[in-house]
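Residue numbers begin at 1 in each chain, while the letters A, B, ... track the order of the sequences. Since we're looking at a predicted model, the values are computed, not measured.
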Protein chains: 2
Amino acid sequence: MSEPRRHERIADELRRAIADGRYPVGAALPSEAELAAAHDASRGTVRQAVAALLAEGLIGSRQGARRVVLSTTPSQSFTELRSFAQWARAGGRTAGGRVLASSWDVAHTDEAGLLQVRHKDPVLRVLRLRTLDSEPVLLERTVYAEWIGSAVEALPEDCESVTQRLYDDTGLVFAHGEHHLDAVAAGTADADHLRLRRGSPLLRVRRTTTTAEGRPVETSDDRYRPGSVVFTVRNSTQTNPLARTHA
Amino acid sequence: MSEPRRHERIADELRRAIADGRYPVGAALPSEAELAAAHDASRGTVRQAVAALLAEGLIGSRQGARRVVLSTTPSQSFTELRSFAQWARAGGRTAGGRVLASSWDVAHTDEAGLLQVRHKDPVLRVLRLRTLDSEPVLLERTVYAEWIGSAVEALPEDCESVTQRLYDDTGLVFAHGEHHLDAVAAGTADADHLRLRRGSPLLRVRRTTTTAEGRPVETSDDRYRPGSVVFTVRNSTQTNPLARTHA
DNA sequence: GCCCGCCACCTGTATGGACAAGCTCGATTC
DNA sequence: GAATCGAGCTTGTCCATACAGGTGGCGGGC
């Protein structure tokens, strides 16, 4: 089961070596020439491989100096991030979920902009509670665009992985996402479903997900019960995916 | 004042075109061949340019299809993210800051790990309040490693940009960062300095910053007053800088 | 009118070569 | 002993080329 793509093979090999501790934090990686010789590849292919680790924030790179290991904790794939169920499974936990409410409505002004539809176009609103090992940790208020809404509505109420089911049923893949993170106080509904007091701090993640072609699929307001989940971002002068914006 | 590096010139040109609305969300970018001809560059150089926009999450790319614009809002440089003062200035606001407390202490177990020093090695603890247009928005509890601590201690109490001063004084550059985001309730001190009630929700960002060589400089617990600041991350199946982890 | 297959176009992967720019470290010098 | 210089190594940039693999649209066949 060898990888077909050479640069991915090299990248995987390096990722494994870093995770295994063969290159601890602060250690220097082999030079491009050495890696090229070891894998019988050209320098360009090796550069493509290390560029992937660079984007993940695992290593740092400066002209003239060997690449340095910055972190040994692996990062997640987008799929794992997008799918609550897949993420839970990867961590050895069991995810649950239940639809609390679901109804068609018209798009609000801001939602219309996020979903790239006209104001007052029909949208499907779904309120979903997610559990981790039977404990409620996340309340999702998701708004789906009309063209995918009917497929979402057809899903069973206790569907574990919406992502997976939508892919199986319609071939839809979530390819891109934009996430806005801040903190809010729990409202009455939040407190009720997440089993905490009104006014308790919640981590709010407002996100919009689109297909590979850039077509918006859903926009969601996710509220995480504190203490159960932490979001992590690695960045550097070379690649910076994180931005701080005025509210 | 033309850019020396070709691929950066091309990337900047595309970024501007996207920001200006010449390529709205959903629009297709010119093909690599067209861009190469327009800029009199090779295809490899063009690919290097679009790879940058891909990492920023501005565009999406699939084999066989033209690249598509996903977002038109520009992302920030790492420097702007790291420096509260520079970020505020870029947004047309004025940043203030005041050191509330500063003292040498011994490293706690977890801090020793983050700063890559021995347990009970000396560290400098600084409590700093940051303001935006004279309003308190952020309380920083920063721990500096011994080797940089003395330089930090020498800074004036109301130093606007610590990042800038440290660079001017010692040539130190913050090159990499790891950020963990979650929500917590305001403690007594938090509530006092940020002028809100105890128990109010705060966005907590625990971060560790290192030099270009990977040497940890500081680790910090930053608490943002809600409503003033939002963190944004863009990601995709191609590049995913964001990770969700168990607390 | 609808479906399907073909084909031009476009991006992904990989190679090989050349030069520029920056870092490290040892040797030389003061 | 400390500062300086330089050679060699390493990464950054750029080019030209070749082929594989996926997309999308056009046109022919049913």
Closer than 4.0 Å, any side-chain N/O of [X] to the OP1 or OP2 of [N]?
X     : N      : result
A:Q63 : C:dC23 : no
A:T45 : C:dT13 : no
A:R6  : C:dT15 : yes
A:S31 : D:dC9  : no

What protein N or O atoms touch nucleotides 4-8 of chain C N or O atoms at under 3.5 angstrom, if any, and at what distances?
none

Sugar-phosphate only, base, or nothing, as touched by [X] at under 4.0 Å among non-hydrogen atoms:
X     : answer
A:A41 : sugar-phosphate
A:R47 : base
B:R62 : sugar-phosphate

Quiz item: Mapping B:H7 and A:A65 onto DNA chain D by nearest heavy atom, which one lands closer to the 5' end?
Solution: A:A65

Quiz item: Does A:H119 NE2 have over 12 foreign heavy atoms under 6.0 Å away?
Solution: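 Correct, the count exceeds 12.
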
Rounded to the nearest angstrom, tell me the gap between atom [atom1] in [X] and atom [atom2] in [N].
X     : N      : atom1 : atom2 : value
A:L54 : D:dG12 : CG    : C1'   : 12 Å
B:R43 : C:dT13 : CZ    : P     : 11 Å
A:E8  : C:dT13 : CD    : P     : 7 Å
B:I10 : D:dC15 : CD1   : P     : 8 Å
B:E32 : C:dG12 : CD    : P     : 6 Å
A:R9  : C:dA14 : CZ    : P     : 11 Å
A:H39 : C:dT15 : NE2   : C1'   : 17 Å
A:L35 : D:dT11 : CG    : C1'   : 12 Å

For the pair [X] and [Y], find out whether any cationic side-chain nitrogen is under 4.0 Å from an anionic carboxylate oxygen.
X      : Y      : result
B:R66  : B:E32  : no
A:R125 : A:D105 : yes
B:E178 : B:R207 : no
A:D12  : A:R15  : yes

Self-check item: Residue whose closest nucleotide on DNA chain C lies nearer the 5' end, A:S42 versus B:E213
Solution: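 Checking each residue's closest nucleotide, the 5'-ward one belongs to A:S42.
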
Quiz prompt | Ring-face cation of B:R93 near B:W87 (centre distance under 6.0 Å, axis angle within 45°) | solution =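 Geometry flag: not set, cation outside 6.0 Å or 45°.
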
Quiz prompt | Polar contact flag, side-chain donor to acceptor under 3.5 angstrom, B:W104-B:E146 | solution =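 B:W104 vs B:E146: no donor-acceptor pair found between side chains.
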
